[in-house]
Amino acid sequence: MRQTDVLIVGAGPTGLALGIDLARRGVDALVVERGDTLTPGSRGKGLQPRTLEIYEDLGVLDAILAAGGPYPVGMIWQDGKQAGEHEMFDPAQDGEEGSRFTVPWMVPQWRNQEILRARLAELGGGIAFGHELTRIEQDGEGVTAYFAVGDPVRARYAVAADGGRSAVRRALGIGMTGETVDPDPLLVADVRITGLDRTWWHVFPPAGEGTGFLALCPLAGTADFQLVAQFPDGTDLEPLLSLAGVRAVIADRTHLDPGDVTEVRWSSDFRPRAALADRFREGRVLLAGDAAHVHSPAGGQGLNTSVQDAYNLGWKLGAVLGGRAPESLLDTYEEERRPNAAAMLGLSTAIHRGEARRGAKTRQLGLNYRDSSLTEETRRTPGGIRAGDRVPDRTLDGERLFDRLRGPDWTVITLEEGVLLVRPDGYVGWAGETETGMTEYRARVGC
């Protein structure tokens, strides 16, 4: 039986980001994946500014920026003619939220995962493919996971990062509360098309009764387009997942000919829904990413919220496993992340239904943990940055503040606002006018 400190079930962006964060802390972690390869498809293609900041700290930002590009402006088509532009995102104000990133960055999810996998390998980690979980047991000392093929794994903790249909969550009996965001199913595919301008995100509104919209978005860094086509409730999409099916759909709803579609590289049918796990922890097993919350893709929040889960959980697991913090620190993971996920679910649903725009909230820079039990504000009159806030990317004494914060440790910084003790995930844990009281806080949280 293999032994490890942390078993991560699922090699999507959540599991890989967590694996990277643990590896750089010297934590022995094993990532297992039920499939034989990384999951294909563009899927969650948008990386929000806060995720880009996290990726910088994890050491993958340069590769991510090189692999992708900005989102194109939407172009509305009517009767085979361009009818006008459509801005997909509300523009950010100069210096908004103190970040060098102001717009989402497009990287197909399959490429995102390749970059994360390469970084994990650099740090000495890897993925065990072909490990389909069949049973999970736990006791006071650890977790034992069993697989359809291969030996069991014994770990001190396990993290379910295995998606919306999480086998770990179901094995634990943790329910999910949610709703169908839209009864109309979507066909999603990565396709190759000739004769279509890659300058625009092409949008074709419904042509009549009983049809839905169709969109073709050029995927940055590739020669592919992501196709999204909506269908009436009850439509069987299985026959449309083939090259012939995709050609027929595109020819029916656009000015393109069937032969303009030269290849379907990946396809899937999708039913938009929103759901939140009843709890994010069961003993020594924690839920992260889609295993804990499932979003409509409209808001571009699912993958990004998932990466923030990993970033929040990684340093806490590292501190507990390293003996620097009590196990109760892990209780703050659900305390902080579940309300955050619930808020992002509501935002994603509102955007899907046309009740909200993609703007400052979707960039996730303003999220905070002010109400967390880990947060301690001791100043009588807090300044602009309060305990629980994300530290902005600014220059301090000629040095970029994020360069000082980078790495897996806590950092003390002194600003005009006072003395701030910054958590490893870039949020202020403790704030004071002087360092008085900081020692007691450090002892409480184990830093």
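We use all heavy atoms of the structure for the numbers below, so side chains are in, but hydrogens, waters and symmetry mates are not. Nothing fancy with the numbering, it's 1 onward along the sequence.
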Checklist entry - Is it the case that more than 12 heavy atoms not belonging to D371 sit under 6.0 Å from its CG atom? => result no

Item to check | Side chain to side chain, K316 and L374, heavy atoms closer than 4.5 Å | outcome: yes

Checklist entry - Less than 4.5 Å apart, any side-chain heavy atom of S42 and any of D224? => result no

Item to check | salt bridge (charged side-chain N to carboxylate O under 4.0 Å, His left out) assessment of E53 paired with R50 | outcome: CA-CA 5 Å; E53 292 182 344; R50 180 54 184 158; 2.7 Å; yes

Has [X] got its NZ or CZ under 6.0 Å from the middle of the six-membered ring of [Y], at an angle within 45 degrees of the ring axis?
{"X": "R284", "Y": "Y157", "result": "yes"}
{"X": "R423", "Y": "Y311", "result": "no"}
{"X": "R135", "Y": "Y146", "result": "yes"}

Checklist entry - Tell me the salt bridge (charged side-chain N to carboxylate O under 4.0 Å, His left out) pairs involving residues 162-174, sequence neighbours left out? => result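 Residue pairs with at least one partner in residues 162-174: there are none.
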
Checklist entry - So, D21 and R119, do they make that salt bridge, N to O below 4.0 Å? => result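 No.
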
Next on the checklist: Which label fits F225 and H202: parallel for a plane angle under 30°, tilted from 30 to 60°, or perpendicular past 60°?
Outcome noted: tilted

Checklist entry - For the residue pair W410 and W315, does the interplanar ring angle fall in the parallel (under 30°), tilted (30 to 60°) or perpendicular (over 60°) class? => result perpendicular

Checklist entry - Will you find, in the side chains of S373 and E335, an N or O donor that is under 3.5 Å from an N or O acceptor? => result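 Yes, side-chain donor-acceptor contact under 3.5 Å.
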
